[in-house]
Amino acid sequence: MKKIIIVAAAALAASCTGHKVDVTVAIVPQPVSIEQYDKLARIGGTKTSINEILEPEEYVLTIRSGKATIEGGSEAGIFWGRQTLAQIERQCGGIVPDITVKDKPQFAYRGAHLDCCRHFFPVEDVKEFIDIMAMHKLNTFHWHLTEDQGWRFESRKYPKLTEVGAWRDGTMIGREWGTDDGVRHGGFYTQDEMKEVVAYAAERFITVIPEIEMPGHATAALAAYPELGCTGGPYEVIKEWGIFPDIFCVGKDATVKFLEDILDEVCEVFPSEYIHIGGDEAPRTRWIDCPDCQARIKAEGLANEAELQSWLVNTIEKYLNGKGRKIIGWDEILEGGVSQSATVMSWRGADGGKAAAALGNDVIMTPNSHYYFDYYQTRDNVANGEPLGIGGYVSLEKAYSFDPFEDLDDSVKAHIKGIQANMWTEYIPEWSGVEYRELPRIAALSEVAWNAEGRTSYADFVERVRTALVPAYEENGWTYADFAFRNPPID
Ligand code: ACM
Ligand code: ZN
């Protein structure tokens with residue numbers, strides 16, 4: 001008897017959905033499937049549950065007569081379903097259709113990076129960055145914390161890193177190398193603040209991966225502890241942008257000990273499985289003339305300075321593995337040979353990533369050609385009134401068009417674990433400048449990260465962003481670039 005009642009109720013519910021419609025609400029990223037009906041009702045209440053048949057981040061959102069149900073493979077899946085529900089509610093003004101939306105992400109790693117070193121941004125801004133990521137269903141925040149121009153991670157063991165290394169006495173003016181504005185700039189995050197950011201992100205199902213650069217981009221650390229450089233200094237926190245020759249002296253045991261000590265503190269603050277150890281843009285010229293570095297090369301039987309960098313990466317990797325962590329490094333870590341357990345972040349285009357994947361390493365694709373969101377968004381950036389930037393050109397369409405699997409065999413494809421956009425802040429002194437560069441390009445990243453192989457069309461994507469996300473940007477008071485939404489659009 002009970003069974004019959006349930007069946008009858010289910011049939012009634014099905015008939016309540018009305019007729020299926022062809023044109024559906026706009027959702028970004030485009031879900032795996034949407035079934036929408038011509039029945040509308042005022043939204044009223046949401047129920048959630050975990051369904052272990054679903055993948056952890058997968059969700060099914062159902063609305064019937066205004067009542068929403070979200071099933072997720074885990075709480076994370078439910079959270080992504082909530083973002084979709086918010087998009088529907090916002091565009092429907094509270095009167096929502098009967099609808100079933102199913103989605104699951106193509107990539108387990110969906111990242112956004114923020115450089116808080118070239119310019120320092122307070123915790124409130126970092127939290128807003130995390131809010132933006134959450135709205136776009138991204139799950140990995142790569143936090144760039146150390147640089148030539150400022151060290152931002154509070155170390156209790158090495159306090160001069162923030163007393164000295166977090167401050168510079170000026171910043172170069174525009175693109176005029178050799179000038180500086182004479183204005184002291186800096187700041188750092190206390191360990192408590194960083195833990196607060198980790199917790200804030202975790203509530204939004206976002207993992208924070210910290211980056212501690214080595215051996216290059218280390219001048220701020222050397223300004224604080226000059227004995228860790230090859231020449232002994234003196235060094236000062238750098239005021240202009242570029243690549244600088246004074247890197248960590250890897251010949252000295254004290255430097256390795258310093259890096260391990262810092263990573264001990266980093267691991268206390270950040271519970272992430274992965275720690276990013278940088279590795280990019282390290283000129284190895286000082287090592288050539290350094291007796292300590294040359295002695296290390298000899299003692300370890302290394303062929304050259306590139307292998308000395310690999311020796312550092314391998315030493316640090318073993319150290320972190322011993323603490324139950326794994327490393328990620330920029331694609332330069334491939335140069336002197338790298339262990340297969342390191343994850344490679346491909347930034348100089350996608351070739352480094354393809355080479356790493358062919359070697360069997362896991363890869364995060366973050367090619368500057370498509371995912372350097374500090375690059376200009378239009379071809380004629382001056383005529384279009386874009387703020388001064390580092391250069392380059394990544395339009396919304398370019399960001400949308402990236403194919404993470406281009407030219408890859410199926411056997412190698414499995415090593416592409418995800419994609420990420422990077423936000424370098426040399427030319428971004430104001431927080432609104434980060435918003436402007438991130439939005440709406442981060443929506444394109446999201447679209448590829450969730451559904452790289454099921455994209456609809458760029459024109460369709462732009463319309464969905466306009467309908468589903470731009471009102472949210474406006475509600476939040478976020479600055480965004482509108483070139484793609486103009487009539488005609490500007491590329
Ligand atoms: C980088 O842009 N130097 C990783
Ligand atoms: Zn040295």
Side-chain angles (χ1 to χ4, degrees), residues 111-115 117-118 142-149 209 211-219 221-222 225-233 235 238 241-259 276-300 302 304-309 311-312 315 328-335 343-353 356 363-375 389-392 394 420-428 437:
H113 147 288
L114 179 65
D115 166 12
C117 301
R118 272 43 177 271
H142 169 175
W143 199 1
H144 189 76
L145 288 167
T146 70
E147 260 304 336
D148 299 300
Q149 296 85 1
I209 296 184
E211 181 183 358
I212 304 294
E213 278 268 20
M214 63 188 78
H217 289 297
T219 320
L222 298 184
Y225 294 98
E227 62 274 22
L228 304 178
C230 289
T231 66
Y235 310 101
I238 305 263
W241 318 130
I243 299 173
F244 301 92
D246 288 303
I247 68 175
F248 284 121
C249 175
V250 175
K252 297 187 175 81
D253 290 342
T255 308
V256 178
K257 173 82 171 67
F258 164 85
L259 293 170
H276 200 303
I277 60 160
D280 61 318
E281 297 180 325
R284 296 181 279 254
T285 45
R286 291 282 191 260
W287 291 358
I288 297 171
D289 297 325
C290 171
D292 293 323
C293 286
Q294 291 306 314
R296 176 86 73 199
I297 288 177
K298 205 160 163 215
E300 298 292 337
L302 306 172
N304 51 35
E305 288 72 27
E307 288 195 6
L308 181 57
Q309 180 164 348
W311 176 86
L312 174 71
T315 302
I328 300 186
W330 299 110
D331 58 46
E332 284 93 332
I333 66 170
L334 286 167
E335 284 169 12
T343 296
V344 174
M345 197 166 257
S346 186
W347 72 277
R348 295 175 297 181
D351 288 349
V363 171
I364 309 300
M365 287 290 194
T366 177
N368 54 357
S369 51
H370 295 74
Y371 291 140
Y372 267 38
F373 286 177
D374 53 331
Y375 286 8
I390 198 161
V394 173
Q420 174 175 293
N422 295 343
M423 183 60 65
W424 301 103
T425 60
E426 286 94 332
Y427 295 90
I428 315 183
R437 288 166 177 85

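Note that ligands are numbered from 1 as they come in the structure, with each ligand's atoms numbered from 1 the same way. Because only heavy atoms are used, hydrogens play no part in the values below, and waters and symmetry mates are left out as well, while side chains stay in.
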Among Ile288, Leu302, Thr255, Leu308, whose side-chain contact (heavy atoms from CB on, under 4.5 Å) with Cys293 holds?
Leu308
Output the distance between atom CD (Glu426) and atom CG (Asp115), rounded to the nearest 0.5 Å.
6.0 Å
The Zn ion (ligand 2): which protein N, O or S atoms are under 2.8 Å away?
Cys230 SG, Cys249 SG, Cys290 SG, Cys293 SG
Polar contact flag, side-chain donor to acceptor under 3.5 angstrom, Glu211-Trp330:
yes
Holding to side chain to side chain donor-acceptor pair (under 3.5 Å), I want the full list of residues that pass it with Arg296, two or more places apart in sequence or in another chain.
Asp253
What are the two closest non-hydrogen atoms of Gly279 and Gln309, and how far apart are they?
O-NE2, 2.9 Å
Tabulated below should be the N or O atoms of ligand 1 paired with protein N or O atoms at under 3.5 Å; can you produce that?
unit_1	atom_1	unit_2	atom_2	d
ligand 1	2 (O)	Tyr372	OH	2.6
ligand 1	3 (N)	Asp280	OD2	2.6
ligand 1	3 (N)	Glu281	OE1	3.2

How about Trp347 and Glu332: does a side-chain donor come under 3.5 Å of a side-chain acceptor?
yes
Residues in side-chain contact (heavy atoms from CB on, under 4.5 Å) with Ile243, at least two apart?
Glu281, Pro283
Tell me whether the rings of Tyr427 and Trp241 are parallel (<30°), tilted (30 to 60°) or perpendicular (>60°).
perpendicular
Kindly indicate, with the supporting measurements, whether the criterion side-chain contact (heavy atoms from CB on, under 4.5 Å) is fulfilled by His142 and Thr366.
CA-CA 12 Å; His142 169 175; Thr366 177; over 6 Å; no
